[in-house]
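One structure follows; several queries about it will come next.
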Amino acid sequence: IAPGFPAKPVRIIVSVLAGGGMDTITRAVAAKLADRLQVAVVVENVAGGSGVISVNTVIAAPPDGYTLLSTSGSLPLKRSRPPLLRKLIA
């Protein structure tokens, strides 16, 4: 972990509604990550658009490592806008 990171809470965007399997797994990972980083880890469910809305939410976030994506499979990535996808994986 880089010195000084994290200096603020970490967000994990989940591409499905709360209460399902992916949400449950993400919340368990978030709890362990919060213990490890000693900072709040916020799980935010952004469902809809077959996952594209959650991908676009992460792409629009500052590229500072504080916003993560939790999704199952690559379908949302394939359906998101290609120029923004290149920005996400660059």
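Residue numbers run from 1 in the order of the sequence given.
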In one Ile/Leu/Val/Met/Phe/Trp/Tyr side-chain cluster, 4.5 Å: L37, Y66: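 Linked, L37 and Y66 end up in one cluster.
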
S54 to S15 - nearest heavy-atom pair and separation: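 Of all heavy-atom pairs spanning S54 and S15, the closest is OG-CB, 3.1 Å.
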
Selection residues 13-32 - residue pairs positive for ring pair (Phe, Tyr, Trp, His ring centres under 6.0 Å), sequence neighbours left out: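 Sorted result for residues 13-32: empty, none.
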
Common cluster, V29/V41, ILVMFWY with side-chain heavy-atom separation under 4.5 Å: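 Result: no, two separate clusters.
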
Residues in side chain to side chain donor-acceptor pair (under 3.5 Å) contact with D35, at least two apart in sequence or another chain: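 Side chain to side chain donor-acceptor pair (under 3.5 Å) check on D35 returns nothing, list empty.
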
Side-chain atoms of residues 4-14: list all donor-acceptor pairs with protein atoms under 3.5 Å, sequence neighbours left out, distances to 0.1 Å.
| residue | atom | partner | partner atom | Å |
| --- | --- | --- | --- | --- |
| K8 | NZ | D64 | OD2 | 3.3 |
| R11 | NE | E44 | OE1 | 3.2 |
| R11 | NH2 | E44 | OE1 | 3.4 |

Side chain to side chain contact (heavy atoms under 4.5 Å, CB included) between L69 and V55, worked out: CA-CA 7 Å; L69 175 66; V55 169; 4.0 Å; yes

Check residues 17-28 and write down every donor-acceptor pair under 3.5 Å in which the side-chain atom is one partner and the other belongs to a residue at least two apart or another chain.
| residue | atom | partner | partner atom | Å |
| --- | --- | --- | --- | --- |
| D23 | OD1 | R27 | NE | 2.9 |
| D23 | OD1 | R27 | NH2 | 3.4 |
| D23 | OD1 | N45 | ND2 | 3.1 |
| D23 | OD2 | G19 | N | 2.9 |
| D23 | OD2 | R27 | NE | 3.0 |
| T24 | OG1 | G20 | O | 2.8 |
| T26 | OG1 | M22 | O | 2.8 |
| T26 | OG1 | S70 | OG | 2.6 |
| R27 | NH2 | N45 | OD1 | 3.0 |

Ring pair (Phe, Tyr, Trp, His ring centres under 6.0 Å) pairs, two or more places apart, involving residues 15-51: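 Those involving residues 15-51 do not exist here.
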
All pairs passing ring pair (Phe, Tyr, Trp, His ring centres under 6.0 Å) where residues 16-63 contributes a residue, at least two apart: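 Sorted result for residues 16-63: empty, none.
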
